[in-house]
Structures are given as C-alpha cells and as structure tokens.
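Just so it is clear, the values below take in all heavy atoms, side chains as well, and ignore hydrogens, waters and symmetry mates. On a predicted model such as this, the values are computed, not experimentally measured, just so you know.
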Amino acid sequence: MMKTITFDNYYKEKLLSIPLFNNLPVNIKNEIPKRLDIKLYEINENTVVLEQGNACCNLYVLLEGTLEVNIIDANANEVLIEYIEAPRAFATPHLFKKDNR
C-alpha cells in the first residue's frame, strides 16, 4: 500500500542530497523541485515498487529506509541483487537506456 506524503523542506533536502544531485550548483539545485513533477509516497514493507520488464519512465529516489532489489533469472529463480540505502536514486540505468525495461 502507498500513502501520499507532502513534499516539504525536509524531503527536499533529502532529495537534493542524493549523489545524482550533490555536485550541482546551488541555483540549479533550487530549480529541481520547482521543475519536476514530484510524487512522494510512504510505502509499506514488502511492497513491490517496480517489476522486472516494465518500462521505466520516471526517476525513482529512495529518501528513507532500505530497498531490496531482486531479479528473476533465466531459470525463474528470484536472485537478490543489492540493498539500496536511502537517500539514493534507483533504476536510473533503465531510465536513460534506449530500451528502458
């Protein structure tokens, strides 16, 4: 289940601290929240956020907590890839690939 959360200054600071943004000039950092269509959610534990094979058309950022990343291999086995610790973007390679799946 996902609950919508208000994007306030607390979450803005977390967002701008991710490695993707941390070396940007301050004036560009200040524009990011104004120009992005930001949707912020609280997600319950064990909720699937993205599924393998689906198109990735958004930048996803984990602002709090830990995210477990698994894939299904060629033998239909679920394989743990990594644990992502917040704050950090995830699925970014898929967002910028020609085939974004």
Taking Asn77's backbone N and O only, do any of them form a donor-acceptor pair with Asn75's side chain (distance below 3.5 Å, no angle check)? no
According to salt bridge (Lys or Arg N to Asp or Glu O under 4.0 Å), who are the partners of Asp73, at least two apart in sequence or on a separate chain? none
Connected via hydrophobic side-chain network under 4.5 Å: Ile72 and Phe90: no
Nearest-0.5 Å distance, CE of residue Met2 to CG of residue Asn44: 10.0 Å
Qualifying salt bridge (charged side-chain N to carboxylate O under 4.0 Å, His left out) pairs, either residue in residues 45-72, two or more places apart: none
Set of side chain to side chain contact (heavy atoms under 4.5 Å, CB included) partners for Leu40, sequence neighbours left out: Ile5, Phe7, Tyr11, Leu63
Roughly how far apart are Ile38 CD1 and Leu59 CG, rounded to 0.5 Å? 9.5 Å
Quick one: salt bridge (Lys or Arg N to Asp or Glu O under 4.0 Å) partners of Glu82, sequence neighbours excluded? Arg88
Spacing of CG belonging to Leu67 relative to OG1 belonging to Thr47, to within rounding of 0.5 Å: 10.5 Å
Do any side-chain atoms of residues 13-24 form donor-acceptor pairs under 3.5 angstrom with protein atoms, and if so which ones, sequence neighbours left out?
{"from": "Ser17", "atom 1": "OG", "to": "Lys14", "atom 2": "O", "distance (Å)": "2.7"}

Who are the salt bridge (Lys or Arg N to Asp or Glu O under 4.0 Å) partners of Glu31, not counting sequence neighbours? Lys34, Arg35
Using side chain to side chain contact (heavy atoms under 4.5 Å, CB included) as the criterion, point out the one residue from Val79, Ile81, Leu50, Val49 that pairs with Val69. Ile81
